[in-house]
Visitor: 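Below you'll find the structure I mean.
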Amino acid sequence: MANTPEPKAFSDLPVPRVRGSGVQTVYDALKQSIVELTLEPGAPLDEVTLAERFDMSRTPVREALVRLAAEGLVTQLPNRNTIVAPIDFGQLPVYFEALTLMYRVTTRLAASGRTERHLAAMRRYQALYAEAVRADDVPGMIGHNRDFHVAIAEAGGNPYFTGLFTRLLDEGRRILRLYYYKSFNDHLPRKYVKEHDALVDAIEARDAELCEKLAAAHAGQIVKQIQSYIAKDRTREMAL
């Protein structure tokens with residue numbers, strides 16, 4: 001994968017020092033590395049090596065990999081080996097259909113279901129997102145963008161939509177990482193911050209029609225730019 005951040009060895013992976021389950025520790029560290037493309041699609045995930053890296057038995061490592069497989073972030077092969085899940089570009093059209101629909105549905109429902117508590121959560125994540133954009137903090141942008149839209153979905157009050165949208169957002173974090181890098185060299189325009197602000201204003205005003213319109217436009221322009229990058233012919237202007 002040309003021009004993407006260099007992959008790191010297992011020895012370079014972050015090992016967060018947190019209390020709680022060893023499974024959660026491994027899961028959090030691997031998920032962060034996968035969605036940020038520190039571990040590239042197709043990279044092998046050896047249980048023995050990981051257990052040594054995290055200084056724990058293979059059982060929590062295995063359980064963490066099972067969780068990641070359920071989220072579509074790792075693939076467990078028939079020979080019992082595990083790899084970081086490839087990005088299936090062939091499935092992107094149907095993925096984008098589902099993602100755009102969830103943007104529209106969840107934002108529209110938030111207009112009628114939101115409470116002051118929901119609005120406070122949206123503004124909190126939006127402030128974190130805006131600061132990440134200002135600081136060119138790409139992991140922060142991706143994580144806070146996800147949390148912002150999940151907060152909107154939770155305001156809609158339908159846990160099935162929230163669960164589906166959360167999974168779609170998580171699956172798309174690697175695509176978003178490529179999008180930020182390839183389209184903007186990790187310097188995201190402020191217009192995305194303003195679009196988030198407009199969504200919150202429309203939700204606060206309980207304007208369902210405007211919510212859906214803004215959400216569709218917000219998703220649509222991201223999808224359009226990603227599709228444009230994937231379809232780009234880099235040889236068209238090449239002198240041979």
Side-chain angles (χ1 to χ4, degrees), residues 1-92 94-96 98-99 102 128 132 137-147 149-150 153 159-160 162-182 186 226 230:
M1 192 178 303
N3 297 323
T4 52
E6 288 295 323
K8 296 183 180 181
F10 285 134
S11 59
D12 296 321
L13 296 181
V15 182
R17 302 302 181 186
V18 296
R19 289 184 176 181
S21 167
V23 176
Q24 191 66 40
T25 298
V26 178
Y27 168 83
D28 288 340
L30 288 179
K31 183 171 183 177
Q32 178 182 344
S33 296
I34 290 169
V35 301
E36 293 177 8
L37 295 178
T38 304
L39 285 172
E40 291 189 337
L45 297 170
D46 178 67
E47 288 184 12
V48 174
T49 304
L50 287 170
E52 292 174 352
R53 170 58 186 148
F54 288 98
D55 192 23
M56 59 183 64
S57 71
R58 293 173 61 180
T59 299
V61 171
R62 187 177 301 115
E63 292 181 15
L65 292 175
V66 169
R67 285 181 60 183
L68 291 166
E71 295 180 11
L73 292 176
V74 308
T75 299
Q76 295 177 316
L77 303 175
N79 61 6
R80 301 185 68 180
N81 290 333
T82 302
I83 62 172
V84 176
I87 298 175
D88 188 350
F89 288 97
Q91 287 295 309
L92 283 184
V94 292
Y95 169 80
F96 287 144
L99 184 70
M102 285 296 99
L128 292 170
D137 172 12
V138 175
M141 294 180 211
I142 295 171
H144 298 315
N145 176 76
R146 178 258 194 204
D147 293 340
H149 287 291
V150 170
Y160 294 99
T162 300
L164 174 57
F165 195 28
T166 299
R167 171 157 183 169
L168 289 169
L169 289 167
D170 282 339
E171 286 185 12
R173 287 170 73 170
R174 293 188 295 171
I175 299 296
L176 202 57
R177 179 68 186 89
L178 285 174
Y179 168 60
Y180 285 171
Y181 183 81
K182 297 293 186 179
D186 290 344
I226 294 174
I230 293 171

Visitor: Would you check if the side chain of Tyr95 reaches a backbone N or O of Gly172 as a donor-acceptor pair within less than 3.5 Å?
Guide: yes

Visitor: For Glu47, which residues count as a salt bridge (Lys or Arg N to Asp or Glu O under 4.0 Å) partner, sequence neighbours excluded?
Guide: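 Listed in chain order: Arg58, Arg62.
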
Visitor: Could you report the tightest heavy-atom contact between Arg174 and Pro41, atom names first, then the distance?
Guide: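 Heavy atoms of Arg174 and Pro41 come nearest at NH1-CG, 3.7 Å.
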
Visitor: Only pairs under 3.5 Å count here: list side-chain donor-acceptor contacts from residues 65-75, not counting sequence neighbours, and write none if there are none.
Guide:
from  : atom 1 : to    : atom 2 : distance (Å)
Arg67 : NH1    : Gln24 : OE1    : 3.0
Glu71 : OE1    : Tyr27 : OH     : 3.1
Glu71 : OE1    : Lys31 : NZ     : 3.2
Glu71 : OE2    : Tyr27 : OH     : 2.4

Visitor: When rounded to the nearest 0.5 angstrom, what is the spacing between CG in Leu164 and CG in Leu99?
Guide: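 Those atoms lie 9.5 Å apart.
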
Visitor: Does a side-chain heavy-atom distance below 4.5 Å link Val35 with Asp170?
Guide: no

Visitor: Output the distance between atom CG (Leu92) and atom CD1 (Ile87), rounded to the nearest 0.5 Å.
Guide: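 Leu92 atom CG to Ile87 atom CD1 measures 8.0 Å (nearest 0.5 Å).
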
Visitor: Which atoms form the tightest heavy-atom contact between Pro139 and Glu36, and what is the distance?
Guide: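 Answer, listing the atom of Pro139 first, then Glu36: CB-OE2, 3.1 Å.
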
Visitor: Can you tell me how far CG of Asp147 sits from CG of Leu128, rounded to the nearest 0.5 angstrom?
Guide: 8.5 Å

Visitor: Roughly how far apart are Ile83 CD1 and Leu39 CG, rounded to 0.5 Å?
Guide: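 Atom-to-atom, Ile83:CD1 and Leu39:CG are 12.0 Å apart.
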
Visitor: Report yes or no: does Thr162 contribute a side-chain atom to a donor-acceptor pair with the main-chain N or O of Ala153 at less than 3.5 Å?
Guide: yes

Visitor: Between Gly140 and Ala132, which heavy-atom pair has the shortest distance, and what is it?
Guide: C-CB, 3.7 Å

Visitor: Within this structure, what is the CZ-OG1 distance for the pair Arg146 and Thr166, rounded to the nearest 0.5 Å?
Guide: 5.5 Å

Visitor: Enter the distance from Leu30:CG to Thr82:OG1 here, rounded to the nearest 0.5 Å.
Guide: 10.5 Å

